[in-house]
Amino acid sequence: MEEKKLKTQLKAAWLLPDILYLHGERGNILAFQRVAGFAGAEVRVDRIDFETENFDPMNYDFIFCPPGEMAAFPTVLEWMEPLRDKLLRFVEEGRVLLVTGTSQCMFGKTTVREDGSLLEGLGLIDCSFTERKMVYGDDLYFETGYGCKEGETMEIFGSQIQMMDVESRETPFGTLKYGFGNNGEDRNEGVLKKNSIFTNTLGPIFVLNPWLTKKIVLQCLWNIGVEIEEFDFDVSLEKKSLETKTMFTAGKVTRLHNCK
């Protein structure tokens, strides 16, 4: 399906892409631009780095913070700390911040590193993190009601490379059907704060789950006063992929059960 004639513009900030660059998460920005195009919106993406002058989160409709090496986080947090109040206002006003993978811990309260050192986060979400001695990796499959009508949910599939356990006092982004999630003990995946998402889901999540990307685009447009009830584009390939992957995870659950 062709994109509609562009009628409006959304502004996206891509935080520190040369430092926070793991797992091909740049795909989230590309998918956001592509899906917004089907809604008739052009997305201007600004790459924000340490040299960016006068960066103000409130000038943007969507902010993306991809995952990076935890060793780099003290330096990143030193840069982010002066932006804390504006980032908090951004979230509290219902704009959309997407934080994936390891970078979640920078927005939480504290992270205990494997060597026992303590990393102080921005405190935007009421979460504590503990770095794991062993990295966990597997599929991640859950449902979320983000942007859905009351009583409805959508299925999300991705991968997870878990380097830390999460103790969260926040509303979860989703409820697990398969995978580790926040800590491997409850069924919670990620954090939902207003319209902002903090998730363990890699893949990247917007590429694998365009139905979620659509909800994000609609929310960003609504935030700037552009109300679109619906727009269509072909997701048949992604739907078929979801069907195949969910069947595969169901098989893994059965095999694990039979081995016990």
Side-chain angles (χ1 to χ4, degrees), residues 12-29 46-53 55-57 60 62-91 96-137 140 158-170 172-173 180-184 188-193 196-206:
W14 182 5
L15 299 187
L16 306 174
D18 294 330
I19 297 173
L20 307 176
Y21 58 84
L22 296 180
H23 314 307
E25 292 294 281
R26 66 173 63 86
N28 284 316
I29 284 288
D46 291 340
R47 295 168 58 102
I48 308 300
D49 55 32
F50 291 154
E51 284 70 46
T52 301
E53 296 183 2
F55 169 56
D56 185 347
Y60 292 88
F62 174 70
I63 298 177
F64 175 48
C65 184
E69 298 285 355
M70 295 181 74
F73 288 174
T75 302
V76 174
L77 280 165
E78 184 178 356
W79 174 79
M80 281 187 175
E81 181 57 38
L83 300 168
R84 179 192 177 281
D85 289 345
K86 288 185 176 181
L87 286 168
L88 179 60
R89 180 184 168 196
F90 183 94
V91 171
V96 183
L97 167 65
L98 173 66
V99 182
T100 59
T102 51
S103 288
Q104 293 175 89
C105 72
M106 292 192 289
F107 294 85
K109 289 188 172 181
T110 58
T111 300
V112 178
R113 297 295 309 274
E114 188 181 351
D115 62 8
S117 61
L118 189 68
L119 181 70
E120 296 282 350
L122 299 175
L124 268 64
I125 51 176
D126 189 5
C127 298
S128 303
F129 300 81
T130 304
E131 187 175 8
R132 296 173 54 82
K133 292 183 180 180
M134 296 183 64
V135 176
Y136 171 92
L140 184 61
S159 61
Q160 180 171 8
I161 302 174
Q162 197 69 1
M163 299 182 65
M164 57 199 182
D165 292 335
V166 187
E167 181 183 342
S168 174
R169 277 84 50 188
E170 299 278 9
F173 170 48
F180 189 85
N182 285 348
N183 52 44
N188 295 334
E189 146 49 33
V191 165
L192 180 62
K193 189 85 170 182
S196 291
I197 296 170
F198 305 80
T199 181
N200 304 296
T201 315
L202 307 174
I205 188 171
F206 278 3

Would you compute the distance between atom [atom1] of [X] and atom [atom2] of [Y] and round it to the nearest 0.5 angstrom?
X: M163; Y: E131; atom1: CE; atom2: CD; result: 5.5 Å
X: L22; Y: I161; atom1: CG; atom2: CD1; result: 8.5 Å
X: C127; Y: F107; atom1: SG; atom2: CZ; result: 12.0 Å
X: M164; Y: L119; atom1: CE; atom2: CG; result: 10.5 Å

Does a donor on one side chain sit under 3.5 Å from an acceptor on the other, for E120 and T110? no
R132 atom CZ, over 12 foreign heavy atoms within 6.0 Å: yes
Give every residue pair that meets the side chain to side chain donor-acceptor pair (under 3.5 Å) criterion with at least one member in residues 15-26, sequence neighbours excluded. D18-R47, E25-N28, E25-T100
Selection residues 102-112 - residue pairs positive for salt bridge (Lys or Arg N to Asp or Glu O under 4.0 Å), sequence neighbours left out: K109-D126
With no hydrogens and no angle check, is any side-chain donor or acceptor of [X] less than 3.5 Å from a backbone partner on [Y]?
X: T102; Y: G68; answer: yes
X: N188; Y: N182; answer: no
X: D46; Y: A13; answer: no

E170 and K193 ion-paired at < 4.0 Å: yes
Do the charged groups of R169 and E167 touch, with an N to O distance under 4.0 Å? yes
Does L98 reach the side chain of T199, with side-chain heavy atoms less than 4.5 Å apart? yes
Taking the ring of F55 and the ring of Y60, is the distance between their centroids below 6.0 Å? yes
Sequence neighbours left out, what passes side-chain hydrogen bond (donor to acceptor under 3.5 Å, both in side chains) with Q104? Give chain and number order. N200
